[in-house]
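Throughout, a chain's letter reflects where its sequence line sits, starting with A, and its residues are numbered from 1. Bear in mind that the values here come from a model prediction, so they are computed numbers and not experimental data. Both backbone and side-chain heavy atoms feed into the values below; hydrogens, waters and symmetry mates do not.
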Amino acid sequence: MRMDFLEFSRICETLEHTPGRLDMTAIVQDALSSLDEGDLPLFIRYLMGRPFPDWSQDKIGIGPNSVYDAVAYVTGKDRGAVVSTVNQSGDPGRAVESLLANKEQRSFFSESLTLADIANDFTILATTSGTKSQKEKDRVLRRFFGNTSPLEGRYLARLLLGELRIGIGEGTMRDAIAGAFSVSPAAVEHAYQASNDLGEVALIAHKGEDALYAVHIEPFRPVKMMLAKQGTVTDMLIESGVLAAEYKYDGTRFQFHKSGGVCRMYSRKLEEVTHAIPDVVAMLDAATSHDIILDGEVIAVRDGRPLPFQHVLKRFRRKHDIASHIEQIALVPNIFDIVWIDGETLIDLPLSERRKRLETAVSGEYVAPQLMSGDEEEIDLLYRTALDDGHEGIMVKDIHSPYTPGVRGKF
DNA sequence: GTAGTGTACTGCC
DNA sequence: CTCCGACGCATTCGG
DNA sequence: CCGAATGCGTCGGAGGGCAGTACACTAC
């Protein structure tokens with residue numbers, strides 16, 4: 001039995017009124033247990049407010065104005081009326097809900113939408129492009145809101161706009177999956193870090209804990225970037241003894257994949273940007289002969305000094321006039337981590353080990369300099385050097401720390 | 001048809 | 001990116 | 001001794017400014 005979007009909406013509403021995290025986890029866990037395999041990934045993604053897996057390049061390309069237009073159309077109002085309703089409540093979802101509730105004419109033959117229907121239409125929204133594509137997207141949205149009940153409208157609008165706001169994040173979902181399939185949260189976390197899709201992880205969790213641990217990173221399926229955590233050098237020294245300190249670059253994060261002679265570049269949000277920076281891709285390609293996944297920061301330079309962030313931005317996601325901008329703004333990669341090499345996943349190794357692997361596998365030119373030190377004054381000196389050299393400051397990392405994708409670890 | 005302008009959307013820090 | 005609030009959990013405080 | 005208060009960590013969400021892409025519409 002396929003899940004209807006109405007049932008999904010009811011679960012959302014329950015969760016929205018549940019303050020405690022443990023209670024929320026229990027509710028999600030119950031729902032997961034009763035789902036069939038086809039709906040499981042969809043339910044999980046949608047509950048986290050994401051139309052597609054994070055590694056996917058698909059985007060629905062719908063913003064507030066498109067949604068308001070569609071709601072205006074099906075309720076027989078103009079967009080101004082919809083916008084003012086939204087402004088009154090401050091919540092697009094609630095506004096859509098009340099407008100749908102008040103509309104005079106209800107379609108008699110409204111079909112019930114299933115999660116699979118939604119998925120299908122999301123794909124249409126993501127893949128439609130070119131002339132008249134806007135009209136086609138409008139048609140999809142009108143069909144959506146013409147067929148939804150007010151409650152469904154609330155959550156469909158929010159899902160389209162990427163602001164579900166029911167408080168289900170990765171941690172809660174991880175624990176719910178672990179509970180539903182009787183596996184440890186750690187196993188779920190491991191599979192999630194490697195596959196970057198909790199929907200798929202739930203399917204694997206069905207097969208047991210061993211299957212979860214057997215999931216590994218694959219090239220061209222980007223993993224989340226590890227994030228920095230705030231703290232003081234003094235505290236970290238007390239905690240760890242020895243730290244790895246590097247420049248904090250004022251640029252843009254990248255993830256470089258190379259396998260079978262093919263190279264691809266990904267942005268922080270895991271959007272592919274290979275085409276925008278072929279010069280940087282070529283530098284990295286030449287720097288190693290391994291199949292590899294590297295993590296680093298691209299900065300703009302002139303006369304050996306870093307340029308402000310804006311210069312990088314002009315190039316990083318560009319699709320037009322690329323050649324002329326390569327001449328105007330020189331980019332340089334600074335590699336500071338390695339995630340995977342020749343089929344081997346490295347994220348569980350401590351930073352110090354990963355650093356060794358990085359230095360062996362990649363020629364030195366673009367590997368970010370690193371100071372390994374337990375001396376606060378020495379680290380402070382590096383900080384001043386960083387500022388003198390035009391960088392933002394320094395990053396300090398625990399040398400024992402594994403690579404934790406998407407988590408603010410002791411980087 | 002092509003060029004220019006306006007609207008909507010996304011992603012980076 | 002940064003900032004902030006809610007909750008959970010462990011520890012300490014106070015009668 | 002035990003319940004309440006406190007403090008810390010985790011998680012989720014909001015906001016601000018800039019740069020760019022894609023499509024639609026109009027004018028020539």
Side-chain angles (χ1 to χ4, degrees), chain A residues 15-26 28 47-52 54 56-70 79 83 90-93 125-138 141 158 160-176 185 189 225 227-231 235 239 248-255 265-273 275-277 297-300 306-322 324-325 328-329 331 391-393 395 404 406-410:
Chain A
L15 288 168
E16 201 172 345
H17 296 118
T18 307
R21 234 163 261 299
L22 295 178
D23 292 335
M24 295 173 86
T25 307
V28 177
L47 213 53
M48 292 194 298
R50 298 168 196 180
F52 303 107
D54 286 337
S56 165
Q57 301 295 307
D58 288 338
K59 272 169 279 180
I60 52 177
I62 296 297
N65 289 299
S66 306
V67 170
Y68 301 161
D69 271 340
R79 188 162 99 196
V83 169
D91 174 357
L125 289 174
T127 53
T128 306
S129 66
T131 315
K132 306 274 185 191
S133 62
Q134 218 63 30
K135 284 202 167 63
E136 174 61 24
K137 287 184 169 187
D138 288 345
L141 290 184
R158 291 190 188 168
L160 285 164
L161 299 178
E163 43 184 63
L164 206 55
R165 295 189 212 182
I166 56 172
I168 300 293
E170 287 160 18
T172 310
M173 187 56 83
R174 175 198 58 217
D175 293 347
E189 182 69 29
M225 310 272 187
L227 307 170
K229 202 173 72 170
Q230 268 185 332
D235 289 346
E239 217 178 305
K248 186 176 192 293
Y249 300 101
D250 188 14
T252 301
R253 194 78 175 270
F254 73 80
Q255 193 173 108
M265 222 28 170
Y266 299 92
S267 72
R268 179 183 216 87
K269 275 265 190 98
L270 312 184
E271 186 183 354
E272 198 190 331
V273 293
H275 51 270
I277 47 175
E297 184 106 355
V298 167
I299 58 169
L307 294 172
F309 168 70
Q310 279 78 0
H311 293 84
V312 189
L313 210 55
K314 280 188 176 138
R315 286 211 42 206
F316 200 67
R317 296 174 59 234
R318 176 174 291 281
K319 294 191 177 172
H320 305 122
D321 304 324
I322 290 165
S324 69
H325 281 79
Q328 290 168 35
I329 302 164
L331 296 184
H391 298 295
E392 271 198 320
M395 299 282 296
T404 52
V407 180
R408 290 189 186 283
K410 285 178 290 184

Choosing from [options], which nucleotide comes nearest the side chain of [X]?
X	options	result
A:Glu170	D:dG20, C:dC9, D:dG12	D:dG12
A:Ser66	D:dC18, B:dA8, B:dG11	B:dA8
A:Lys314	D:dG12, D:dG20, D:dC18	D:dG20
A:Glu271	D:dC11, B:dG11, D:dA14	B:dG11
A:Lys319	D:dT21, D:dG12, B:dA8	D:dT21
A:Arg318	D:dG12, D:dG20, B:dT10	D:dG20
A:Pro64	B:dG11, B:dC9, D:dG13	B:dC9
A:Lys269	D:dT21, B:dC12, B:dA8	B:dC12
A:Leu313	B:dA8, B:dC12, B:dT10	B:dC12

Quiz item: Does a salt bridge link A:Glu271 with A:Lys269, judged by any charged N lying under 4.0 Å from a carboxylate O?
Solution: no

Check whether any side-chain N or O of [X] sits under 4.0 Å from OP1 or OP2 of [N], and answer yes or no.
X	N	result
A:Ser133	D:dA22	no
A:Lys135	D:dC25	yes
A:Lys137	B:dA8	no
A:Arg315	D:dG20	no
A:Ser267	B:dC12	yes
A:His320	D:dG20	no
A:Ser129	D:dA22	no
A:Asn65	B:dC9	yes
A:His311	D:dA19	no
A:Arg21	D:dG9	no

Within this structure, what is the [atom1]-[atom2] distance for the pair [X] and [Y], rounded to the nearest 0.5 Å?
X	Y	atom1	atom2	value
A:Leu307	A:Ile329	CG	CD1	8.0 Å
A:Glu189	A:Arg174	CD	CZ	5.0 Å
A:Ser129	A:Lys137	OG	NZ	8.5 Å

In whole Å, I'd like the distance from the [atom1] atom of [X] to the [atom2] atom of [N].
X	N	atom1	atom2	value
A:Met173	D:dT10	CE	P	21 Å
A:Phe309	D:dA19	CZ	C1'	9 Å
A:Gln255	B:dC12	CD	C1'	16 Å
A:Glu297	C:dC1	CD	C1'	11 Å
A:Glu392	C:dT2	CD	P	8 Å
A:Asp23	C:dG8	CG	C1'	12 Å
A:Ile168	D:dG12	CD1	P	8 Å
A:Glu272	B:dC12	CD	C1'	18 Å

Counting the atoms with a prime plus P, OP1 and OP2 as sugar-phosphate, which does [X] contact under 4.0 Å by heavy atoms, base, sugar-phosphate, or nothing?
X	value
A:Leu164	nothing
A:Arg174	sugar-phosphate
A:Arg158	nothing
A:Glu163	nothing
A:Arg268	sugar-phosphate

If I compare all heavy atoms of [X] with all of [Y], which pair ends up nearest, and what's the gap?
X	Y	result
A:Met265	A:Ile277	CG-CD1, 3.6 Å
A:Pro92	A:Glu163	CG-OE2, 3.5 Å
A:Val312	A:Ala300	CG2-N, 3.5 Å

